[in-house]
Amino acid sequence: MTTEQTHVIVGASLAGATAAETLRKEGFEGRIVLIGTEDERPYERPPLSKDYLRGESGRDKVYVHDEGFYAEHGIELRLGRTAASLETANGELALDDGERLAYDRLLLATGAEPRRLAIPGGELDGVLYLRSVQDSDTLRERLDRGGALVVVGAGWIGAEVAASARQRGLDVTVIEPASVPLERVLGAEVGAIYRDIHTDHGVQLLLGTGVEAFEGDGAVERVRTSDGRAIACDFVVVGVGVQPRVRLAAEAGIAVDNGILVDEHLQASAPGVFAAGDVANAHHPFYGERIRVEHWANALNQGPAAARNMLGQSVPYERLPYFFSDQYDVGMEYSGFARTWDRVVFRGDPDGREFVAFWLAEDRVVAGMNVNVWDVNEAIQQLIRERVQVDDRRLADPDVPLEELASSRDQAPG
Ligand SMILES: Cc1cc2nc3c(=O)[nH]c(=O)nc-3n(C[C@H](O)[C@H](O)[C@H](O)COP(=O)(O)OP(=O)(O)OC[C@H]3O[C@@H](n4cnc5c(N)ncnc54)[C@H](O)[C@@H]3O)c2cc1C
């Protein structure tokens, strides 16, 4: 009889791979099995809508670890294999090829998948989605051929694909029901800046309208909008958000609701089971509520945090949400989490596309975004975390260091 423990990770992407790495770094000497449906070893997705998509960087740049890493660290990497079912009562996982794996601790890092548009013509050739490196390769070949692209949805993926396609010289039309791009996260005021950035780069933006159907003979040739227009195209990219992959957990009776429900230690409702990354709807101590974050930094940091908790270290996950996006020559970082706010304060020059935007609620910064301004992110996070009352004029004044604002707790609101 062996006393060696087995920790199994489902989902061989950023959260899963960084969790496996951390288990070893923290001294776990038992068996680690990392299972992934995709045939590729773990890779990062942000380049897939940016430099990799445009053909400016190669495959070697996207991987989380070198090829030899997993074997060198005794991590059993099972690629092209899917965890099909889970019995939490006896700690056993069944793979799609019938193999059964007993686990002591299980991490579900199953991520998210694109929402599909269930409209007429949705199955036509040339209606594409972007999540995997294969999707990016397919899209890259289309970009190589040139022509006219319609992007459905002006969220982060849609906006980045539109930018990359324009950079490659294609005709690009973006169709979005909201009044500006990225409205859900940034609001109308800051979304308008992104609207202008895309318009300046020659993107046709059809805002305030949806998509009714894709039309064509075998392959998509036109997109029919809800306001009655027909937009001719050679192919379409749909970017209308993602949904967490919860099937495995839900069928096992684990509590799910907009993701796998986990506490601040990333522990799910079943004993010994954890979740991290896009799939985890985690209680966040700072916000006092559950949030599910669909961004790179969250997968990068939650994987290791989950691993430490799997080893019994009891570390709450408290990082503030953070993400970045690059579109044309406009780079940005966003910190915080704002469902509502009462005003936006700008520092710098929004027209010149070099500024910081702050979202405020009751005189406190709840989120901040630096656009083509760098090395301010830590101070922005400190402002949010310290919940300091800020004076709008000082916040807007580039001569007042953000660090100074973040460390002064007693300002009267202006
Ligand atoms: C094109 C693109 C661009 C992006 N750009 C940015 C950006 O600029 N900034 C940013 O902050 N974020 C960006 N993101 C988001 C970021 O990539 C994700 O937040 C991150 O990939 C989440 O990692 P994850 O490990 O949680 O899940 P995922 O990356 O979704 O990986 C989950 C893995 O689990 C596998 N899996 C699922 N179910 C099973 C199962 N039952 N058995 C075995 N394997 C399974 C899946 O096949 C998948 O490989 C981008 C995403 C995309 C797609």
Side-chain angles (χ1 to χ4, degrees), residues 4-38 40-46 62-66 68-79 81-83 86 88 91 93 95 101-112 244-246 248-249 254 259-268 270-284 292-319 321-322:
E4 186 183 66
Q5 288 204 323
T6 301
H7 291 353
V8 174
I9 301 170
V10 180
S13 188
L14 186 56
T18 53
E21 176 185 352
T22 306
L23 286 175
R24 278 289 177 255
K25 266 196 188 151
E26 294 290 327
F28 178 66
E29 291 179 351
R31 235 182 126 194
I32 303 173
V33 187
L34 176 57
I35 303 158
T37 301
E38 296 184 65
E40 290 293 332
R41 72 177 191 269
Y43 60 89
E44 306 199 11
R45 300 181 198 273
V62 302
Y63 294 112
V64 180
H65 296 110
D66 293 341
F69 174 86
Y70 301 95
E72 278 159 26
H73 290 82
I75 297 164
E76 297 174 36
L77 186 57
R78 309 279 181 86
L79 296 178
R81 310 278 292 279
T82 295
L86 166 62
T88 59
L93 189 71
L95 305 193
L101 274 167
Y103 63 82
D104 293 284
R105 297 280 180 276
L106 174 69
L107 174 62
L108 298 174
T110 48
R245 283 199 197 89
V246 295
L248 181 67
I254 293 172
I260 299 172
L261 297 180
V262 292
D263 63 16
E264 68 266 37
H265 299 110
L266 307 175
Q267 173 136 27
V273 181
F274 296 77
D278 278 15
V279 78
N281 189 0
H283 179 81
H284 198 294
R292 191 173 66 77
V293 179
E294 297 165 351
H295 294 301
W296 172 88
N298 184 65
L300 181 76
N301 294 309
Q302 266 190 357
R308 292 193 182 97
N309 284 305
M310 288 162 81
L311 298 175
Q313 293 180 14
S314 192
V315 268
Y317 185 80
E318 307 187 88
R319 281 177 184 261
Y322 162 92

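The shortest heavy-atom contact between Leu311 and Glu26 is CD1-CB, 3.5 Å. Shortest non-hydrogen contact noted between Ala83 and Ile35 is N-CG2, 4.4 Å. When all heavy atoms of Glu44 and Leu14 are compared, the pair lying nearest together is OE2-CD1, 4.1 Å. The nearest pair of heavy atoms linking Ile32 to Ala20 is CD1-O, 3.9 Å. Contact detail for Ser13 and Pro42: the closest heavy-atom pair is O-CB, 3.8 Å. Nearest approach of Val262 to Ala280, heavy atoms of both residues: CG2-CB, 4.2 Å.
For the pair His284 (side chain) and Arg319 (backbone), a donor-acceptor distance under 3.5 Å is present. Judged by distance alone, the side chain of Asn309 and the main-chain N or O of Val315 form a donor-acceptor pair under 3.5 Å. Looking only at distances, a side-chain donor or acceptor of Asp104 sits under 3.5 Å from a matching main-chain atom of Thr6. Checking side-chain atoms of Arg292 against main-chain N and O of Val279 turns up no donor-acceptor pair under 3.5 Å. Of the possible polar contacts, one joining the Arg24 side chain to the Phe28 backbone as a donor-acceptor pair under 3.5 Å is found. Remark: the backbone N or O of His65 is paired with a side-chain donor or acceptor of Arg41 at under 3.5 angstrom. Remark: side-chain polar atoms of Arg308 are not paired, donor with acceptor, to backbone N or O of Gln313 under 3.5 angstrom.
Here OG1 of Thr110 is found 9.5 Å from CG of Asp278. Values are rounded to the nearest 0.5 Å. Interatomic distance, Leu101 CG to Arg78 CZ, rounded to the nearest 0.5 Å: 5.5 Å.
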* Apply side-chain contact (heavy atoms from CB on, under 4.5 Å) to the pair Phe69 and Leu77, showing each step before the final yes or no. => CA-CA 10 Å; Phe69 174 86; Leu77 186 57; over 6 Å; no
* Begin from the C-alpha positions of Val273 and Ile260 and carry the test side-chain contact (heavy atoms from CB on, under 4.5 Å) through to its verdict. => CA-CA 10 Å; Val273 181; Ile260 299 172; over 6 Å; no
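With contacts defined as side-chain heavy-atom distances shorter than 4.5 Å, the pair Leu79/Glu38 does not qualify. A 4.5 Å side-chain heavy-atom check between Leu108 and Ile254 finds at least one atom pair inside the cut-off. The closest side-chain heavy-atom distance from Tyr322 to Leu300 is not below 4.5 Å. The shortest side-chain heavy-atom distance between Tyr103 and Leu86 falls under the 4.5 Å cut-off. Counting heavy atoms from C-beta outward, Phe274 and Asp263 have side chains that stay 4.5 Å or more apart.
In summary, the side chains of Arg45 and Tyr43 do present a donor paired with an acceptor at a separation below 3.5 Å, with no hydrogens or angles considered.
A salt bridge does not link Glu4 with Arg31: every distance from a Lys NZ or Arg NE/NH1/NH2 to an Asp or Glu carboxylate oxygen is 4.0 Å or more.
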